[in-house]
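Here the structure is laid out as structure tokens; the discussion comes afterwards.
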Amino acid sequence: MYQAIVFLPLLGFILAAAISIVGARGRFPGAEPSDDDHHHAPAHAAHDGHAHAADAHHDDHHAPAEPAAAGSRAAEVITTSLLLISCVLSWIVFWKIGFGHTSERVTLFTWMISADLKVDWALRIDALTAVMLVVVTTVSGLVHLYSIGYMHEDPYRPRFFAYLSLFTFAMLALVTSDNLAQLFFGWEGVGLASYLLIGFWYHKPEANAAAIKAFVVNRVGDFGFALGIFAVFMMTASIDLDTIFAQAPSLTGKTINFFGWHADALTLICLLLFMGAMGKSAQFLLHTWLPDAMEGPTPVSALIHAATMVTAGVFMVARLSPLFELAPTAAAIVTLVGATTAFFAATIGLVQNDIKRIVAYSTCSQLGYMFVAMGVGAYSVGMFHLFTHAFFKALLFLGSGSVIMAMHHEQDIRNMGGLRHKIPFTYWTMVIGTLALTGFPLTAGYFSKDAIIEAAYAGNNPFALYAFLMTVIAAGLTAFYSWRLIYKTFHGTPHDRHHYEAAHESPLVVLIPLGVLAIGSIAAGFPFKEYFAGHHTAEFFRDSLKQGGIIEEMHHAPAWVVYLPTVMLALGWGIASYIYLYRTEIADNLARQHRLLYEFLLNKWYFDELYDLIFVRPAIWIGRVFWKQGDGRMIDGLGPDGVSARVLDVTRNVVRLQTGYLYHYAFAMLIGAAALITWFMFSGAGAH
């Protein structure tokens, strides 16, 4: 069963990729258009890049409709069916492992042997893995189903579904890993798949730039992650998780000579590993790739940037909780970064106008909440928010996609308005997602997000109080920008009458995933509360997570701490309602009166400009110096180019002597004979 969960998506990828390749070579017409048909492919919209309906009708001579439908439909059905089977099996495993209080390790094969290093490919199935299996396969299965409707006009559907399944396989390999090499394989696999999916519409320069940016920024984090793995192997002579955890207590007090700095071994290891998590989970300083990644198709945003890939960093910290528990300084840094991210991303979300970017910054902020929980030692609470967040954030992204489809690929919320009458089902599902995100009582987010705030209050590390304040403030900001999105999109008067009149509800294949996720946004909270953040936490997670005493301390938090997040929700919601329903001119007036602050937030704290100044321009300057001065002037100038130039100079001068005139040659011979006679005369005289 476990092997099927992991490898069914890989099978889907192989089959869909085969369909795509065969179609591209023309043996299966229409599965993908050939190179000759590129000028007939649908144009992609300037914003989302989704194919226009008017352009979807291909010339019958170049892309026969029925074979195209057959090839693409085969890829869609195969990948989606395999994912849904994997999803059902994951839920069975979740109940069996989580509530059956068991765990298993399944060795598949020996992967690598090098000297003393032996690495098996093994599946580690425990409660933590079971939670992640459910999250990954459920969201991925629904995204596959949703994509059948969302991408129905795109001629490259087999390739798209192949990438989706490849991503899911890599993520499943990551969460079932039993050693750090296997975890790194999945880690880099999801990075590759995200690059392919973000840049799926490769005809768009913005999509290519966003894909490269995501890849490069993640390489920065992954460099630290790789160093962390090397350091673990250096200190324990193993990368097997059980061996590492068994030896971890013996590393306390040991140091690593890090460029002359004798750093505490566990602290340095955990900080290097967390550096990888910062990149993958878009935390403060390494967050810049996430908003730009919205250039990919909307289903990609939901799959990668809402529920699965960006949570890999949170999962990794939870999996390695026995190490972080022994490194309090590293845990404090995790808390600091998480709390800063929660506040920072929420402030930017206040003024953004692209519907997907608002949800993207919301994701960034909520990931900060999860790391706060990890930092203060409430690992199960962080996993609880990861679990609930997957449902309502995927719902908000897919709901945004439904809005974009209805508005003919318009993404600016300033050009929307009044859509609740045109797309009521999408409206109500997004309202449910927003209620859950903002922590409205009895929704899933209410139980998990409030638990994190209580954990921050009860935390003992140096940044716990800072984290408590930042998460409380972020709760109010989240409520404001979330309801701002709802009001500007669905309420008020339409700003684009033409697109408004043409708007209609999405097809059933799009609405079914929205409905399922809306149910999950409510039902994923209360039934699981006691198992993630209550009295049954220890028996549910057992050895898969490090269990501290903070869960018990949370339950003794004062009443004002418990109710404060709800008060902040009411405050943020009330202000948003007043400004965007009754006094719409206030927002414009505030933007004019506080222009510097507005521009500061609108330009995302100028991080892109700052990085351009600090890293990009100096790197370009250094590269140009090495290119022009080092390579061009020094190496080529003194090397092959210089030698060849001197040869040309010599031959050019020699050629000038070859005039072709007989009297020139006679004169040269006369001069030569005179010089020779003179030399003999003087040399002969010298001999006497």
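Everything quoted here is computed from the prediction, not taken from an experiment.
In this structure the side chain of Leu273 never reaches within 4.5 angstrom of the side chain of Leu227, judged on heavy atoms. A 4.5 Å side-chain heavy-atom check between Asp292 and Arg357 finds at least one atom pair inside the cut-off. Side-chain contact between Leu336 and Thr340: present, with at least one pair of heavy atoms (C-beta onward) separated by less than 4.5 Å. In this structure, Met278 and Thr341 have side chains that are not in contact, with every pair of non-hydrogen atoms separated by 4.5 Å or more. Inter-residue side-chain proximity for Val616 and Tyr611 is flagged as unmet; no heavy-atom pair is nearer than 4.5 Å. Residues Leu571 and Phe480 fail the side-chain proximity criterion, which asks for heavy atoms closer than 4.5 Å. Residues Trp187 and Asp222 meet the side-chain proximity criterion, which asks for heavy atoms closer than 4.5 Å. For the pair Met171/Thr311, a side-chain contact is recorded, criterion being any heavy-atom separation below 4.5 Å from C-beta on.
When all heavy atoms of Ala302 and Val143 are compared, the closest pair comes out as CB-CG2, 4.2 Å. Minimum heavy-atom separation, Val376 to Ala455: CG2-O, 3.9 Å. Considering all non-hydrogen atoms of both residues, Val6 and Ala173 come closest at CG1-N, 4.5 Å. Pairing each heavy atom of Ala345 with each of Tyr361, the nearest pair is CB-O, 3.4 Å. Closest approach of Trp289 to Gly279, counting heavy atoms only: NE1-O, 2.9 Å. Heavy-atom minimum distance, Thr434 versus Ser482: CG2-CB, 3.6 Å.
Ser177 places no side-chain N or O within donor-acceptor distance of the main-chain N or O of Gln182, the cut-off being under 3.5 Å. In this structure, Ser281 contributes its side chain and Val310 its backbone to a donor-acceptor pair below 3.5 Å. In this structure a side-chain-to-backbone donor-acceptor pair under 3.5 Å is present from Thr438 to Leu435. In this structure, Thr363 contributes its side chain and Val359 its backbone to a donor-acceptor pair below 3.5 Å. Of the possible donor and acceptor atoms, none in the side chain of Asp264 sits under 3.5 Å from a partner among the backbone N and O of Thr255. Looking at Ser140, its side chain never comes within 3.5 Å of a backbone N or O of Thr137 through a donor-acceptor pair. Judged by distance alone, with hydrogens and angles left aside, the side-chain atoms of Thr138 form no donor-acceptor pair with the main-chain N or O of Val135 at under 3.5 Å.
Separation of atoms NE2 (His389) and OG (Ser521) is listed at 10.5 Å; rounding is to 0.5 Å. One distance of note links CD of Gln352 with CD1 of Ile348; it measures 7.0 Å at 0.5 Å rounding. Taking CG of Leu569 as the reference point, atom CG of Leu564 lies at 11.5 Å (rounded to 0.5 Å). Rounding to the nearest 0.5 Å gives a distance of 13.0 Å between CZ of Phe463 and CG of Leu469. The CG atom of Leu396 sits 12.5 Å away from the OG atom of Ser301 when rounded to the nearest 0.5 Å. Atom CG of Leu180 and atom CG of Leu241 lie 5.5 Å apart (nearest 0.5 Å).
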For this session: Any chance you could lay out the side-chain contact (heavy atoms from CB on, under 4.5 Å) test for Leu128 and Phe315, step after step, and finish with the verdict?
Result: CA-CA 8 Å; Leu128 180 61; Phe315 164 79; 3.8 Å; yes
For this session: Let me see the working for Asn461 and Thr335 under side chain to side chain donor-acceptor pair (under 3.5 Å), right down to the final yes or no.
Result: CA-CA 8 Å; Asn461 79 37; Thr335 309; 2.8 Å; yes
For this session: Take Gln247 and Thr236 through the test side chain to side chain donor-acceptor pair (under 3.5 Å) and record every step on the way to the result.
Result: CA-CA 7 Å; Gln247 294 192 34; Thr236 66; 4.9 Å; no
Exercise. So Asp608 and Lys213, salt bridge (charged side-chain N to carboxylate O under 4.0 Å, His left out) or not? Walk me through it.
Worked result: CA-CA 11 Å; Asp608 284 324; Lys213 186 175 183 180; 2.8 Å; yes
Exercise. Does the side-chain contact (heavy atoms from CB on, under 4.5 Å) test come out yes or no for Leu164 and Ser147, once each step is laid out?
Worked result: CA-CA 10 Å; Leu164 287 183; Ser147 299; 3.9 Å; yes
For this session: Check the pair Met316 / Phe225 against side-chain contact (heavy atoms from CB on, under 4.5 Å), numbers first and verdict last.
Result: CA-CA 11 Å; Met316 186 266 289; Phe225 188 47; 3.8 Å; yes
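A cation-pi geometry, defined here as NZ or CZ lying under 6.0 Å from the six-membered ring centre and within 45° of its normal, holds between Arg219 and Phe215.
Within the structure, salt bridge (charged side-chain N to carboxylate O under 4.0 Å, His left out) contacts touching residues 324-347 (residues at least two apart or in different chains) do not occur.
Partner of Ser380 under the side chain to side chain contact (heavy atoms under 4.5 Å, CB included) criterion, out of Ile550, Val131, Leu545: Leu545 alone.
Separation of the Tyr446 and Phe440 ring centroids does not fall under the 6.0 Å cut-off. The six-membered or imidazole ring of Phe384 lies away from that of Phe447, with a centre-to-centre distance of 6.0 Å or more. Taking the six-membered ring where the residue is Trp, the centroids of Phe540 and Phe528 are separated by 6.0 Å or more.
With sequence neighbours excluded, the residues that form a ring-ring contact (aromatic ring centres under 6.0 Å, His included) with Phe344 are Phe284, His287, Trp605, Phe607. Contacts of Thr443 classified as side chain to side chain donor-acceptor pair (under 3.5 Å), with partners at least two apart in sequence or in another chain: none. With sequence neighbours left out, the side chain to side chain donor-acceptor pair (under 3.5 Å) criterion links Asp126 to Thr129, Arg319. For the side chain to side chain donor-acceptor pair (under 3.5 Å) test, residues two or more places apart in sequence or in another chain that qualify with Glu599 are Arg595, Asn603.
Lys393 and Ser362 share a donor-acceptor pair across their side chains, judged by distance under 3.5 Å alone. Side chains of Ser165 and His144: a donor-acceptor N/O pair is present below 3.5 angstrom, by distance only.
Look at Asp242 and Arg124 and you find a salt bridge, because one of the NZ, NE, NH1 or NH2 atoms lies within 4.0 Å of a carboxylate O, short of that distance. Ion pair Asp412/Lys488 not flagged as a salt bridge, since none of the NZ, NE, NH1 or NH2 atoms sits closer than 4.0 Å to an Asp/Glu carboxylate oxygen.
The aromatic rings of Tyr163 and Phe200 stand perpendicular to each other, their planes meeting at an angle above 60°, with 30° marking the opposite boundary.
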Got a list of side-chain donor-acceptor pairs under 3.5 Å for residues 366-374, not counting sequence neighbours?
| from | atom 1 | to | atom 2 | distance (Å) |
| --- | --- | --- | --- | --- |
| Gln366 | OE1 | His385 | NE2 | 2.8 |
| Tyr369 | OH | Thr471 | O | 2.5 |
| Tyr369 | OH | Ala475 | N | 3.1 |

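Within 6.0 Å of CG in Asp612 there are more than 12 heavy atoms belonging to other residues, nucleotides or ligands. Heavy-atom neighbours of Ile614 CD1 from other residues, nucleotides or ligands within 6.0 Å: above the threshold of 12. Crowding of Tyr606 atom OH: a count of heavy atoms from other residues, nucleotides or ligands under 6.0 Å exceeding 12. For Phe223, the CZ atom counts as loosely surrounded, since its 6.0 Å shell holds 12 or fewer non-hydrogen atoms of other residues, nucleotides or ligands.
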